[in-house]
Q: 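Structure in structure tokens, see below.
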Amino acid sequence: AGLTEQLLAIGSRQPLHPAIFNLNSLIAGAEAVVRGILGKRIPLDLRLDSSLRPVNADRAQIERVLIHLATNARDAMPKGGRLVIATANADPRKSSVPGADSLKPGPYVRLTVTDTGAGMSEEVLARIFDPFFTTKPEGKGTGIGLSTIYGIVVQSGGLISVQSRPGAGASFTIFLPAAEGLELPREDAESRAELQ
């Protein structure tokens with residue numbers, strides 16, 4: 001069932017259950033899990049914008065994206081390092097991110113996950129979101145994690161890109177459409193107030 005769900009995500013065909021939520025509250029709720037994945041040798045640095053707009057997306061799937069990225073970052077830092085998770089309000093069309101001009105006009109929220117790991121070559125970057133492509137040893141990776149993430153983000157009306165070079169870590173940037181004119185659930189509104 002899990003594999004079927006991932007394959008549907010790769011093809012952007014899985015059923016999504018969108019809801020209004022604040023990305024900061026999702027990150028705060030997943031923080032303990034992320035720290036557990038990273039272990040003691042990889043500190044987690046959260047840089048969350050307290051004025052972040054809400055998004056309208058499938059909360060469980062966006063949490064899956066975050067967990068996948070944290071797991072990949074850990075694997076890229078076997079000797080330790082640092083992971084930074086940041087959020088901000090953004091206009092992707094004013095950025096230099098490839099493909100940003102294809103997004104629908106309107107406000108967006110940016111999620112950035114940056115590690116200090118081994119980094120990737122241009123050849124690897126060109127195939128990073130291809131289904132079943134992996135640089136991990138046999139038996140260590142399926143090659144569907146990042147393609148699943150890509151499918152989830154695209155199906156949510158967003159965009160994902162990655163910047164990296166060998167020895168300089170990697171930075172994944174995700175843009176998700178902001179939910180304008182829609183009210184946050186009470187618990188998310190309270191979490192946002194605590195950050196301000």
Side-chain angles (χ1 to χ4, degrees), residues 16-74 76-77 81-101 103-117 149-150 152-164 169-196:
L16 296 181
H17 306 285
I20 309 299
F21 66 92
N22 187 292
L23 195 55
N24 288 346
S25 70
L26 181 147
I27 294 168
E31 181 179 353
V33 174
V34 171
R35 289 188 187 277
I37 290 169
L38 298 177
K40 295 180 180 178
R41 293 190 299 175
I42 304 175
L44 175 62
D45 183 2
L46 298 180
R47 303 176 185 178
L48 309 181
D49 184 343
S50 62
S51 62
L52 199 67
R53 301 180 184 107
V55 296
N56 185 19
D58 187 319
R59 188 177 185 124
Q61 295 302 328
I62 300 304
E63 186 174 88
R64 170 186 263 188
V65 167
L66 183 66
I67 298 301
H68 266 305
L69 289 178
T71 302
N72 276 5
R74 177 203 62 198
M77 299 184 284
R82 177 174 293 276
L83 184 70
V84 178
I85 298 176
T87 60
N89 295 315
D91 184 346
R93 291 165 301 154
K94 293 181 180 178
S95 74
S96 58
V97 173
D101 56 351
L103 292 173
K104 292 181 179 179
Y108 283 76
V109 170
R110 183 179 67 229
L111 168 66
T112 309
V113 180
T114 305
D115 67 61
T116 58
I149 289 173
Y150 181 88
I152 291 169
V153 172
V154 170
Q155 195 175 0
S156 301
L159 174 73
I160 181 170
S161 70
V162 57
Q163 291 183 314
S164 181
S171 184
F172 288 83
T173 301
I174 294 170
F175 291 103
L176 293 172
E180 285 192 297
L182 298 171
E183 192 171 334
L184 272 174
R186 187 168 60 87
E187 61 272 16
D188 273 12
E190 289 171 354
S191 296
R192 176 172 170 169
E194 290 172 5
L195 287 167
Q196 291 177 335

Q: Return the set of residues passing salt bridge (charged side-chain N to carboxylate O under 4.0 Å, His left out) with Asp45 (not counting sequence neighbours), or none when no residue passes.
A: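 For Asp45, the residues satisfying salt bridge (charged side-chain N to carboxylate O under 4.0 Å, His left out) (neighbours in sequence not counted) are Arg47.
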Q: Please name the pair of heavy atoms, one in Pro92 and one in Leu103, separated by the smallest distance, quoted to 0.1 Å.
A: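 In this case the closest contact between Pro92 and Leu103 is CG-CD1, 3.6 Å.
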Q: With sequence neighbours excluded, what pairs up with Thr114 under the side-chain hydrogen bond (donor to acceptor under 3.5 Å, both in side chains) test?
A: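 Partners of Thr114 under the side-chain hydrogen bond (donor to acceptor under 3.5 Å, both in side chains) test: Ser171.
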Q: Hey, can you pull the donor-acceptor pairs under 3.5 Å for the side chains in residues 106-113, sequence neighbours left out?
A:
residue, atom, partner, partner atom, Å
Tyr108, OH, Lys104, N, 3.3
Tyr108, OH, Lys104, O, 2.8

Q: Name all pairs fulfilling the side chain to side chain donor-acceptor pair (under 3.5 Å) condition that reach into residues 83-94, sequence neighbours left out, sorted by first residue then second.
A: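 Non-adjacent pairs meeting side chain to side chain donor-acceptor pair (under 3.5 Å): Asn24-Thr87, Asp91-Arg93.
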Q: Would you give the length of the straight line joining atom CG of Asn22 to atom CZ of Arg53, rounded to the nearest 0.5 angstrom?
A: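 The CZ atom of Arg53 is 12.0 Å from CG of Asn22, to the nearest 0.5 Å.
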Q: For a quick test of your reading: what N or O donor-acceptor pairs under 3.5 Å do the side chains of residues 33-43 make, sequence neighbours left out?
A:
residue, atom, partner, partner atom, Å
Arg35, NE, Glu31, OE2, 2.9
Arg35, NH2, Glu31, OE2, 2.8
Arg41, NH1, Pro78, O, 3.3
Arg41, NH2, Pro78, O, 2.6

Q: Distance from Arg59 atom CZ to Leu23 atom CG, nearest 0.5 Å?
A: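 It comes to 9.0 Å.
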Q: From the options Ile62, Val65, Val55, select the one residue that forms a side-chain contact (heavy atoms from CB on, under 4.5 Å) with Ser156.
A: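 Going through the options one by one, the only one that passes is Ile62.
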Q: Of the non-hydrogen atoms in Thr116 and Gly81, which two are nearest, and what is the gap between them?
A: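 Reported closest heavy-atom pair: OG1-CA, 3.3 Å.
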Q: Donor-acceptor check, side chain of Asp115 to backbone of Leu83, threshold 3.5 angstrom: yes or no?
A: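 Absent.
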Q: Out of Val154, Ile160, Ile67, which one pairs with Ile149 under the side-chain contact (heavy atoms from CB on, under 4.5 Å) rule?
A: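 The residue from Val154, Ile160, Ile67 that satisfies side-chain contact (heavy atoms from CB on, under 4.5 Å) with Ile149 turns out to be Ile160.
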Q: Taking all atoms of both residues into account, what is the closest heavy-atom pair of Gly169 and Ser164, and its distance?
A: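 Reported closest heavy-atom pair: O-OG, 2.7 Å.
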Q: Supply the atom-to-atom distance Gln61 CD to Glu63 CD, rounded to the nearest 0.5 angstrom.
A: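 Rounded to the nearest 0.5 Å, the CD-CD separation comes out at 10.0 Å.
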Q: Looking at every heavy atom in both Ser161 and Val97, which two are closest together, and how far apart are they?
A: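 Reported closest heavy-atom pair: OG-CG1, 3.2 Å.
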Q: Please report the shortest heavy-atom distance between Leu66 and Ala30, naming the atom on each side.
A: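 Shortest heavy-atom contact: CD2-CB, 4.0 Å.
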Q: Phe175 and Val153: which non-hydrogen atoms are nearest, and at how many Å?
A: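 In terms of heavy atoms, the two residues are closest at O-CG1, 4.4 Å.
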